[in-house]
Novice: 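Sharing a structure here in structure tokens format.
None of the values given here were measured: they were computed from a predicted structure.
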Amino acid sequence: MHIKRELDLHYDTAWTLLHKLRRALADDEGSALTGVVEVDETYYGGKGTAESRGRSLSNKNKSLIVMAVERKPARDKNAPGINQSRFVCGSAKVALVASASGEDLSQFVNGALEPNTNMLTDGWAGYTGNEEHVKHEPEPQGNPKNAGVLLPMSHMQISNLKSWLNGTFHGVSKKHLPSYLMEWNYRFNRRNLISNLFGYAIRRLMTKEPITYKQVKSGFGFAAA
């Protein structure tokens, strides 16, 4: 709506323009995370029901998001770190996955993390089976309130992501959620490059393959994100 007003465009034109931009911001290959990486998942949308508890996706409006964030030691002005953890965030990867099964989570882990990365999780069984690719260090959280203590980086960024989606866009449909995740990911990983970000974004638009309104409307290019 803001772009529509500022540029005096029809809503559909402004909507398409922004979605084409988001498509251009999709991560390039070869930018996997490394070092020590926290991985956790969360749900977005869909009111909880008796039939859709825990990691269930029986509610068709419920989406599963998986987040991976590098854990870096806090130094100098960043000490004592996020939530007194003595750590700060490095780069991140976020994506929509079909389920919390080992198969779907492994596909994300293998694509998002470099081989031999130390992967920290809350002990969910879906993350087992990746030992040939990463060094998995599960730590069951027990009480859900412990999530922010065991995985402070991923827990905080999941919270920030949801606040951004709801505060800026007032909710996002499941079909188009992956494109908004790509925008968040691009912004987050370049949060220290603000002065040059406009040029980087324009370069993406000029070099990425163009897509049509029909492709944007169908969620083209993000179904397997």
Novice: Are any of the side-chain heavy atoms of Q107 and E103 separated by less than 4.5 Å?
Specialist: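 No; the side chains remain at least 4.5 Å from each other.
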Novice: Hydrophobic clusters here meaning ILVMFWY residues chained together by side-chain heavy-atom distances under 4.5 Å, can you tell me if F169 and V94 are in one?
Specialist: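 In one cluster: yes.
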Novice: Less than 3.5 Å apart, any donor N or O on the side chain of S154 or E38 sitting next to an acceptor on the other?
Specialist: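 The criterion, which ignores hydrogens and geometry beyond distance, is satisfied for E38 and S154.
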Novice: Judged by atom type as modelled, is there a donor-acceptor pair below 3.5 Å linking the side chain of R23 to the main-chain atoms of E209?
Specialist: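 Checking the backbone N and O of E209 against the side chain of R23, no donor-acceptor pair under 3.5 Å is found.
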Novice: Walk me through it: do E139 and L120 pass the test side chain to side chain contact (heavy atoms under 4.5 Å, CB included)?
Specialist: CA-CA 7 Å; E139 186 171 356; L120 311 181; over 6 Å; no
Novice: Answer with yes or no whether the hydrophobic clustering places I194 together with V88; edges join I, L, V, M, F, W, Y residues whose side-chain heavy atoms lie under 4.5 Å apart.
Specialist: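 Not linked; separate clusters.
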Novice: Nearest 0.5 Å, please: how far is CD in E41 from OG1 in T121?
Specialist: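 It comes to 9.0 Å.
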Novice: Kindly compute the distance separating CG (L18) from OG (S179), expressed to the nearest 0.5 Å.
Specialist: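 So the CG of L18 and the OG of S179 are separated by 10.0 Å.
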Novice: Are the side chains of L165 and W184 in touch, meaning some heavy atoms are under 4.5 Å apart?
Specialist: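 No; the side chains remain at least 4.5 Å from each other.
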Novice: Can you see which heavy atom on S63 is nearest to which on L177, and at what distance?
Specialist: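 Answer, listing the atom of S63 first, then L177: CB-CD2, 3.7 Å.
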Novice: If we only count heavy atoms from C-beta on, is the L33 to E114 side-chain gap below 4.5 Å?
Specialist: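 Result no, sub-4.5 Å side-chain heavy-atom pair not found.
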Novice: Out of curiosity, L21 CG to E183 CD, how far, rounded to the nearest 0.5 Å?
Specialist: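 With rounding to 0.5 Å, CG (L21) is 7.0 Å from CD (E183).
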Novice: Nearest 0.5 Å, please: how far is CG in L150 from CG in D40?
Specialist: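 Spacing of CG (D40) from CG (L150) equals 9.5 Å.
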Novice: Quick one: does M67's side chain get under 4.5 Å of F108's, heavy atoms only?
Specialist: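 SC-SC contact between M67 and F108 ruled out.
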Novice: Any non-hydrogen side-chain atom of V134 less than 4.5 Å from a side-chain atom of N118?
Specialist: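 Side-chain contact under 4.5 Å: no.
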Novice: Could you tell me whether the side chain of L113 reaches within less than 4.5 Å of the side chain of T34, counting heavy atoms only?
Specialist: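 A side-chain contact is absent here, since even the closest heavy-atom pair is not under 4.5 Å.
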Novice: Using residues 7-17 as the side-chain source, report each donor-acceptor pair under 3.5 Å to any protein atom, sequence neighbours left out, with the distance given to one decimal.
Specialist:
residue	atom	partner	partner atom	Å
W15	NE1	H19	NE2	3.4
T16	OG1	D12	O	2.7

Novice: Specify the closest pair of heavy atoms between I65 and L96, including all atoms of both residues, with the distance to one decimal.
Specialist: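 Smallest heavy-atom distance, with atoms named: CG1-CD1, 4.4 Å.
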Novice: With a 4.5 Å cut-off on side-chain heavy atoms, are Q157 and C89 touching?
Specialist: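 The answer is yes; the side chains approach within 4.5 Å.
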Novice: Under 3.5 Å, is there a donor on one side chain and an acceptor on the other for K217 and T212?
Specialist: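 No pair is found: no donor N or O on one side chain lies under 3.5 Å from an acceptor on the other.
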Novice: By side chain to side chain contact (heavy atoms under 4.5 Å, CB included), which residues pair with E132, not counting sequence neighbours?
Specialist: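 So E132 forms no side chain to side chain contact (heavy atoms under 4.5 Å, CB included) with any residue.
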Novice: How long is the span from the CG atom in L25 to the NZ atom in K20, to the nearest 0.5 Å?
Specialist: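 The distance works out to 14.5 Å.
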Novice: If only atom types and distance count, is the side chain of N110 paired as donor or acceptor with the main-chain N or O of S106 below 3.5 Å?
Specialist: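 Yes: the side chain of N110 pairs with the backbone of S106.
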Novice: Looking only at non-hydrogen atoms, find the nearest pair between A32 and K93 and report the distance.
Specialist: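 Where A32 meets K93 most closely, the heavy atoms are CA-CE, 4.3 Å.
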Novice: If you measure only the distance, is there a donor-acceptor pair under 3.5 Å linking the side chains of Y180 and N185?
Specialist: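 Note: Y180 and N185 side chains miss the donor-acceptor criterion.
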Novice: If I compare all heavy atoms of M153 with all of V69, which pair ends up nearest, and what's the gap?
Specialist: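 Reported closest heavy-atom pair: CB-CG1, 3.8 Å.
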Novice: Calculate, to the nearest 0.5 Å, the distance between atoms CZ and CG belonging to R187 and L161 respectively.
Specialist: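 Rounded to the nearest 0.5 Å, the CZ-CG separation comes to 12.0 Å.
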Novice: How far apart are the C-alpha atoms of W164 and N160, what are their side-chain angles, what is the distance that settles it, and do they pass the side chain to side chain contact (heavy atoms under 4.5 Å, CB included) test?
Specialist: CA-CA 6 Å; W164 177 71; N160 290 343; over 6 Å; no
Novice: Could you tell me which non-hydrogen atom of P152 sits nearest to which non-hydrogen atom of S85, and how far apart they are?
Specialist: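 Heavy atoms only, the tightest pair is CG-CB, 4.0 Å.
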Novice: Determine whether V37 and R71 make a side-chain contact, defined as any pair of heavy atoms from C-beta on separated by less than 4.5 Å.
Specialist: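 No, their side chains stay 4.5 Å or more apart.
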Novice: Please check: side-chain N/O of R204 versus main-chain N/O of A24, any donor-acceptor pairing under 3.5 Å?
Specialist: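 Yes, because the side chain of R204 sits within donor-acceptor range (under 3.5 Å) of the backbone of A24.
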Novice: Tell me every residue that passes side chain to side chain contact (heavy atoms under 4.5 Å, CB included) with L193, counting only those two or more places apart in sequence or in another chain.
Specialist: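 Expected list: R190, Y200.
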Novice: If hydrophobic clusters are built by linking Ile, Leu, Val, Met, Phe, Trp and Tyr wherever their side-chain heavy atoms come under 4.5 Å apart, do Y43 and V97 end up in the same one?
Specialist: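 Yes, one cluster joins them.
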Novice: Checking side-chain hydrogen bond (donor to acceptor under 3.5 Å, both in side chains) for the pair Y44/N166: CA distance, chi angles, key distance, verdict?
Specialist: CA-CA 10 Å; Y44 181 77; N166 294 328; 2.8 Å; yes
Novice: V39 and side chain to side chain contact (heavy atoms under 4.5 Å, CB included): which partner among N130, T117, V66?
Specialist: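 The single option meeting the side chain to side chain contact (heavy atoms under 4.5 Å, CB included) with V39 is V66.
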Novice: How far apart are the closest heavy atoms of A95 and L181, and which atoms are they?
Specialist: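 Answer, listing the atom of A95 first, then L181: C-CD1, 3.7 Å.
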Novice: Take S218 and K175, measure what side-chain hydrogen bond (donor to acceptor under 3.5 Å, both in side chains) needs, and give me the verdict at the end.
Specialist: CA-CA 8 Å; S218 67; K175 180 170 71 171; over 6 Å; no
Novice: Does one side chain, of H136 or T128, offer a donor that lies under 3.5 Å from an acceptor on the other?
Specialist: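 The answer is no; no qualifying pair exists.
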